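As structure tokens, the structure follows; a few thoughts come after it.
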Amino acid sequence: MTDTTTAGRTPGEPSSAGLRLALFDLDHTLIPLDSDHAWGQFTVSLGWRDAESHTRANDAFYEQYKAGTLDIAEYIRFATGALREHGMARAHAAHQRFMQEVIRPAMSEPALALLRAHQAAGDAVVIVTATNEFVTRPIAQAFGVDELIAIDLECDPQGEPTGEIRGVPSFREGKVARVEQWLSARGFSWASVAHSTFYSDSINDLPLLEKVHEPVATNPDARLQAIALERGWRILNLFE
């Protein structure tokens, strides 16, 4: 793990009075893969999706995400296709295999140590991701993080996803809005946060990186790294 840093608080330092917030993106930040893309390819391996057409579309959406041009509503309709066709009961069982075969092998000790340091410091640790809650809740739990802000899926009365998003999607500017909602539900506001840190790899997360006290470009993409260097933000590489 390498850390190119300007002045900033070490995660293990004792917290001062007031809420200290440690926010983490998930994909390519805490894990060296995109969990949504990987789940889609896992459903292909199960025979739930046509390999050629799904992989082509999945890769195209992922390139749009990296380019900052993704239509999140369109993508969620695509990404939940397997859930809607096969049902949540089968999907939850498949996700247990996905965790064991794909996600847990990708969980690194440096990422775990960083989370633990913030937790030991008394920070409120929250994973804030643009991947949906079905995919990411078990991943957050595996990391020992209870607080998750993810894209919420609209479900029918039987609890099956409709393919639509419920509420504000935690994507780009929506991450700022969703963190504000999270704070408000607990009696806080941005103004009452004594210190906030956000770790992210993606240019898509620039709105939230610009909102916090301490933005940390973590395994950053090329555009985010350029901004971090220009602005003197901390750069952290967990996956060398």
Side-chain angles (χ1 to χ4, degrees), residues 24-88 90-92 94-108 111 127-140 142 150-154 161-165 169-175 199-207 217-227 237-240:
F24 291 84
D25 180 43
L26 177 63
D27 300 326
H28 293 291
T29 299
L30 289 174
I31 53 176
L33 53 83
D34 185 284
S35 59
D36 220 355
H37 184 274
W39 165 253
Q41 294 309 113
F42 188 75
T43 64
V44 168
S45 74
L46 297 175
W48 289 9
R49 307 269 85 186
D50 175 74
E52 182 178 353
S53 62
H54 180 88
T55 299
R56 183 171 58 250
N58 205 19
D59 290 348
F61 278 120
Y62 184 47
E63 290 304 314
Q64 292 168 21
Y65 172 79
K66 291 191 293 183
T69 60
L70 180 67
D71 181 328
I72 192 64
E74 181 184 6
Y75 175 68
I76 289 296
R77 284 189 286 271
F78 165 78
T80 57
L83 304 184
R84 288 181 280 127
E85 289 181 22
H86 293 272
M88 291 298 280
R90 290 187 69 193
H92 280 298
H95 198 288
Q96 292 178 15
R97 281 187 54 194
F98 175 67
M99 288 294 300
Q100 294 302 319
E101 297 175 20
V102 179
I103 297 300
R104 289 189 181 275
M107 293 171 61
S108 70
I127 292 175
V128 189
T129 176
T131 299
N132 70 74
E133 184 178 19
F134 167 80
V135 172
T136 56
R137 176 66 67 182
I139 304 174
I151 287 185
D152 294 325
L153 300 177
E154 180 183 87
T162 66
E164 302 303 315
I165 297 169
S170 47
F171 179 59
R172 297 178 66 89
E173 295 82 0
K175 284 195 175 184
Y199 297 85
S200 176
D201 71 292
S202 177
I203 191 68
N204 286 291
D205 286 337
L206 191 59
T218 308
N219 322 308
D221 61 33
R223 287 184 296 166
L224 180 58
Q225 178 156 322
I227 290 172
N237 293 301
L238 293 174
F239 305 131
E240 290 188 342

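For clarity, every value in this text was computed on a predicted model and none was experimentally measured. The figures that follow rest on heavy atoms only: side chains count, while hydrogens, waters and symmetry mates do not.
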Does one side chain, of [X] or [Y], offer a donor that lies under 3.5 Å from an acceptor on the other?
X: Tyr65; Y: Asp36; answer: no
X: His37; Y: Asp59; answer: yes
X: Thr29; Y: Asn219; answer: no
X: Asp50; Y: Ser53; answer: yes
X: Glu154; Y: Thr162; answer: yes

Which heavy-atom pair separates [X] from [Y] by the least distance, and what is that distance?
X: Thr80; Y: Gly163; value: OG1-CA, 3.4 Å
X: Ala150; Y: Thr136; value: CB-OG1, 3.5 Å
X: Trp39; Y: Ala94; value: CH2-CB, 3.9 Å
X: Pro105; Y: Glu101; value: CG-O, 3.7 Å
X: Ala57; Y: Phe78; value: CB-CE1, 3.6 Å
X: Gly68; Y: Asn204; value: CA-OD1, 3.5 Å

In Å and rounded to the nearest 0.5 Å, what is the [atom1] to [atom2] distance from [X] to [Y]?
X: Ile31; Y: Met107; atom1: CD1; atom2: CE; answer: 8.5 Å
X: Phe61; Y: Asp34; atom1: CZ; atom2: CG; answer: 13.0 Å
X: Arg97; Y: Leu46; atom1: CZ; atom2: CG; answer: 5.5 Å
X: Arg137; Y: Glu133; atom1: CZ; atom2: CD; answer: 4.5 Å
X: Asp201; Y: Gln225; atom1: CG; atom2: CD; answer: 11.5 Å
X: His95; Y: Leu83; atom1: NE2; atom2: CG; answer: 9.0 Å

So, does [X] use its side chain to make a donor-acceptor pair with the main chain of [Y] at under 3.5 Å?
X: Asn237; Y: Phe239; answer: no
X: Asp152; Y: Ile165; answer: no
X: Lys175; Y: Pro207; answer: no

Inset, instruction - Please determine if Asp205 and Arg172 form a salt bridge, counting it only when a charged side-chain N lies under 4.0 Å from a carboxylate O. - result: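 Arg172 and Asp205: not salt-bridged.
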Look at Glu63 together with Lys66 and state whether they make a salt bridge at an N to O cut-off of under 4.0 Å.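 Yes, charged N to carboxylate O under 4.0 Å.
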Check against side-chain contact (heavy atoms from CB on, under 4.5 Å), Ile76 and Glu164
CA-CA 7 Å; Ile76 289 296; Glu164 302 303 315; over 6 Å; no
Checklist entry - Quick one: side chain to side chain contact (heavy atoms under 4.5 Å, CB included) partners of Ala82, sequence neighbours excluded? => result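 Testing Ala82 for side chain to side chain contact (heavy atoms under 4.5 Å, CB included), a comparison that skips the adjacent residues, returns Thr43, Trp48, Arg49.
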Is the closest side-chain heavy-atom distance between [X] and [Y] below 4.5 Å?
X: Ile151; Y: Thr131; answer: no
X: Asp25; Y: Leu30; answer: no
X: His92; Y: Phe134; answer: yes
X: Thr129; Y: Phe24; answer: no
X: Glu74; Y: Arg77; answer: yes
X: Ser35; Y: Leu26; answer: yes

